[in-house]
Amino acid sequence: MRNHKINPMEHWKKSTNRNRDDGSAGNAVTGISARKIHEATTLIILIAIMAAPVLSGGPATAMAQSQTASGSESPATPNQTAASTLTSIPNPTQNSLLTPSSTSTSTSTLPPYSSSSSTLTSNSSPSPSPSPAATDEMYPELEMYVRMALEQNPELKALDFLYRSETEKSRETGMLPDPELGINYDFNPMMSESFPGRFSVSVMQMFPWFGTLQARRELQMASAGADRAAIDIRRLELLEEVRMTWFDIFEMHHHIDVTWENLQLLRDLEKLVEVRYETARAGQADILRIQMEEQRLRNRLSDQEGMLISLTASFNALLNRNPVAAVFVPDDIVRRDYSYSSVQARSLARSRNPVFENLSARERELRMRDRIARLDGRPSFGLGLEVMGRDYGPMSMNPDATESFIGMATIRLPIYRGRTRSQQRQVGEEIKALDQLRYQAENRLDAELLTALEDARRFDRAILLHEVELIPRAVQALEILREEYASGNVRFDELLQIQRELLDLEMDRVEAIAAQNRAVIRLEALMGIDPLTSW
């Protein structure tokens with residue numbers, strides 16, 4: 001587990017107050033600039049320009065103070081009324097094998113919404129995607145693991161070796177068949193003057209029909225292209241799996257942290273209950289309830305740590321590492337911006353998803369098989385040369401005979417056309433099947449794209465609901481109930497219930513952010529976007 005703790009409420013209030021303060025300061029500076037332009041003369045403007053770096057802070061501060069004195073500041077938001085935050089507690093059972101990095105990240109990138117805007121409509125246009133450099137700063141740990149997976153995953157390496165093997169076959173299929181060498185020896189010549197003269201040597205080279213070798217080479221390259229597309233498909237699947245599992249690990253780390261923080265809150269409540277019990281304002285049942293809640297949280301913590309070990313082992317298997325190797329995650333994550341409409345996503349998927357490249361390569365392979373079937377149905381021929389010795393066969397009957405050189409030619413006549421027609425029919429049926437597979441891939445891709453887009457929008461709404469509405473009000477309600485319980489106005493079970501709800505809401509918030517990231521990851525994988533270039 002991490003040696004640092006998350007305080008989401010304090011982090012959320014600071015970011016909101018900072019946005020509000022920046023806006024008020026900007027308005028004050030605008031007002032001062034307009035007054036200067038209206039009142040100053042040419043000489044005063046020149047002096048003001050020279051002294052601007054020194055004087056720019058003073059008037060703005062004075063204007064902000066005058067606005068505060070006149071009571072013109074904005075009304076309080078739910079962020080301002082939230083009274084307290086979750087208290088962190090050191091984790092006494094840290095596992096050195098599962099210790100993430102302490103790298104801190106930026107705060108949530110959700111735009112500031114008013115409390116009335118509790119949902120995101122499906123027709124709202126998302127903000128543009130972050131620049132690659134900005135996203136690298138968000139998750140440098142994840143980028144490191146993505147590159148590691150590409151370099152070390154054994155399945156990806158095996159597919160690459162198979163692709164190289166298929167590429168090398170193109171040299172083999174583009175070469176002429178080996179020539180045939182024939183050697184004959186006459187054991188019983190009619191007359192024999194020399195031993196070498198009894199031999200006859202012939203060489204024959206067969207040639208396929210014109211263009212057949214090139215067609216076979218192109219067929220093999222098309223087959224290698226299909227393998228290359230299959231590697232790209234598996235590469236995207238692997239990187240998607242790595243990224244999603246990494247977010248699962250972060251989510252489990254966060255759940256463990258929140259559970260520890262709530263154990264600390266229970267201990268604080270237990271002290272309060274004990275004080276009330278000693279003064280006869282609380283019963284023993286309240287102490288028993290809080291002890292039961294503490295044991296429930298400890299059991300949940302043990303389950304979460306076991307799930308973290310399992311997720312870490314699965315993640316390291318993708319990277320070809322030791323199952324207990326450390327996996328580093330940041331302190332917090334943010335929602336991932338996306339700027340794809342359904343039409344844009346569909347267009348990008350058609351042009352970049354390697355599934356369609358694989359289908360196109362397989363179609364090219366089938367077309368070349370059809371062409372080769374037609375070429376194999378045409379004649380092939382061979383050319384050769386034979387050299388007969390002076391004592392070979394009937395030449396030994398002529399005492400004045402010398403070595404004889406004979407040219408040879410042969411032609412293969414493809415009279416039986418049944419095999420060629422059968423091969424062409426096979427190719428035709430496979431092309432029809434491939435067309436149906438393409439339609440199926442397009443339909444499946446369209447459905448998965450819409451699902452990923454709707455998931456991203458749904459989790460956007462969930463993030464907004466938790467950060468703007470539910471968590472601030474739960475924090476406020478918890479503080480109010482604690483004060484009322486200390487005064488004896490509410491029962492202990494009401495206080496315990498709101499704390500449980502706050503725990504669940506904080507976990508749901510992080511689950512929504514992680515799920516939104518996974519939905520965008522799925523969307524980009526369907527569109528064939530490489531994470532190393534999109535980040």
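FYI, the numbering just counts along the sequence from 1. Below, each value reflects all heavy atoms present in this structure, side chains not excepted, and no hydrogens, waters or symmetry copies.
Listed here is the closest heavy atom pair of Arg378 and Arg417: N-NH1, 4.3 Å. Closest approach of Ala409 to Leu383, counting heavy atoms only: CB-CD2, 4.0 Å. Shortest non-hydrogen contact noted between Ala441 and Leu359 is CB-CD1, 4.2 Å. Nearest approach of Asp227 to Glu166, heavy atoms of both residues: OD2-CG, 2.8 Å. Here the closest heavy-atom approach between residue Leu375 and residue Ala215 is recorded as CD1-CB, 3.9 Å. Residues Pro177 and Gln205 share a closest heavy-atom pair of O-NE2, 2.9 Å.
Note that the CZ atom of Arg335 and the CG atom of Asp460 stand 4.0 Å from one another [nearest 0.5 Å]. Atom OG1 of Thr173 sits about 9.5 Å away from atom CE of Met221, to the nearest 0.5 Å. Interatomic distance, CD1 of Ile513 versus CD1 of Ile463, reported as 5.0 Å (0.5 Å rounding). The distance from atom CE of Met175 to atom CG of Leu213, rounded to the nearest 0.5 Å, is 10.0 Å. The distance from atom CD of Glu448 to atom CG of Leu453, rounded to the nearest 0.5 Å, is 12.0 Å. Atoms CZ and CG, on Phe405 and Leu385 in that order, are 7.5 Å from each other to the nearest 0.5 Å.
For the pair Ser170 (side chain) and Thr167 (backbone), a donor-acceptor distance under 3.5 Å is present. With Asn353 contributing its side chain and Leu526 its backbone, the two residues share a donor-acceptor pair below 3.5 Å. Looking only at distances, a side-chain donor or acceptor of Gln152 sits under 3.5 Å from a matching main-chain atom of Leu319. Side-chain atoms of Gln516 come within 3.5 Å of backbone N or O of Arg336 as a donor-acceptor pair. At distances below 3.5 Å, not a single donor-acceptor pair connects side-chain atoms of Trp246 with backbone N or O atoms of Val146. Here the side chain of His466 pairs a donor or acceptor atom with the backbone of Ala462 at under 3.5 angstrom. In this structure, Asp370 contributes its side chain and Val427 its backbone to no donor-acceptor pair below 3.5 Å. The backbone N or O of Thr312 sits less than 3.5 Å from a side-chain atom of Asn316, completing a donor-acceptor pair. Distance alone, capped at 3.5 Å, places no donor-acceptor pair between the Ser347 side chain and the Gln344 backbone. Judged by distance alone, the side chain of Thr451 and the main-chain N or O of Ala447 form a donor-acceptor pair under 3.5 Å.
A side-chain N or O of Gln214 and one of Arg217 form a donor-acceptor pair less than 3.5 Å apart. Checking Glu511 against His255 by side-chain atom types alone, a donor-acceptor pair falls below 3.5 Å.
The aromatic rings of Phe315 and Tyr145 sit perpendicular, their planes meeting at an angle over 60°, well past the 30° parallel limit. Ring planes of Tyr185 and Phe187: perpendicular class, angle over 60° (limits at 30 and 60°). Ring geometry for Tyr139 versus Phe247: interplanar angle over 60°, hence perpendicular rather than tilted (30 to 60°).
Salt-bridge check for Glu168 with Arg171: passed, with a basic side-chain N closer than 4.0 Å to an acidic carboxylate O. By the 4.0 Å N-to-carboxylate-O rule, Glu151 lies too far from Lys157 to be salt-bridged with it. A salt bridge between Arg243 and Glu524 is present, with a side-chain N of the basic residue lying under 4.0 Å from a carboxylate O of the acidic one. Taking a cutoff of 4.0 Å between a charged side-chain nitrogen and a carboxylate oxygen, Asp455 and Arg522 do not qualify as a salt bridge. In this structure, Arg509 pairs ionically with Glu506, as a charged nitrogen and a carboxylate oxygen lie closer than 4.0 Å.
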Q: Give the intermediate values and the outcome of side chain to side chain contact (heavy atoms under 4.5 Å, CB included) for residues Ile431 and Arg367.
A: CA-CA 8 Å; Ile431 290 177; Arg367 301 290 182 188; 3.5 Å; yes

Q: Under the salt bridge (charged side-chain N to carboxylate O under 4.0 Å, His left out) rule, what do Arg362 and Glu430 come out as? Steps first, then yes or no, please.
A: CA-CA 10 Å; Arg362 290 171 61 184; Glu430 291 183 23; over 6 Å; no

Q: Determine, stepwise, if the pair Arg235 / Leu156 fulfils side chain to side chain contact (heavy atoms under 4.5 Å, CB included).
A: CA-CA 7 Å; Arg235 182 178 186 272; Leu156 213 58; 4.2 Å; yes

Q. When you look at Arg438 and Glu363, which way does the salt bridge (charged side-chain N to carboxylate O under 4.0 Å, His left out) test go after all the steps?
A. CA-CA 10 Å; Arg438 181 178 286 105; Glu363 183 178 1; 3.1 Å; yes

Q: Please lay out, stage by stage, how Arg374 and Gln424 fare under the test side chain to side chain contact (heavy atoms under 4.5 Å, CB included).
A: CA-CA 8 Å; Arg374 293 196 305 270; Gln424 290 179 321; 2.6 Å; yes

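Counting only heavy atoms from C-beta outward, the side chains of Ser360 and Arg364 approach each other to under 4.5 Å. Under the 4.5 Å side-chain criterion, counting only non-hydrogen atoms from C-beta, Glu386 is in contact with Ser200. When side chains are defined from C-beta on, Arg412 counts as touching Pro414, because their heavy atoms get closer than 4.5 Å. With a 4.5 Å cut-off on side-chain heavy atoms, Met252 and Leu311 count as touching. Leu238 places none of its side-chain heavy atoms less than 4.5 Å from the side chain of Glu155. Side-chain contact check for Met527 versus Tyr340: some heavy-atom pair is nearer than 4.5 Å. Proximity of Phe207 to Ser380: side-chain heavy atoms (C-beta onward) are nowhere separated by under 4.5 Å. Between Met148 and Asn320 there is no side-chain heavy-atom pair separated by less than 4.5 Å.
Geometrically, Arg228 engages Tyr163 in a cation-pi contact, judged by NZ or CZ lying under 6.0 Å from the ring centre and within 45° of the ring axis.
When the shell of 6.0 Å around CG of Leu176 is examined, it contains more than 12 heavy atoms from other residues, nucleotides or ligands. Shown here is Met307, whose CE atom has no more than 12 heavy atoms of other residues, nucleotides or ligands within 6.0 Å. In Arg350, the CZ atom is crowded: over 12 heavy atoms of neighbouring residues, nucleotides or ligands sit closer than 6.0 Å. Enclosure of atom CZ in Arg458 by more than 12 non-hydrogen atoms of other residues, nucleotides or ligands within 6.0 angstrom is indicated.
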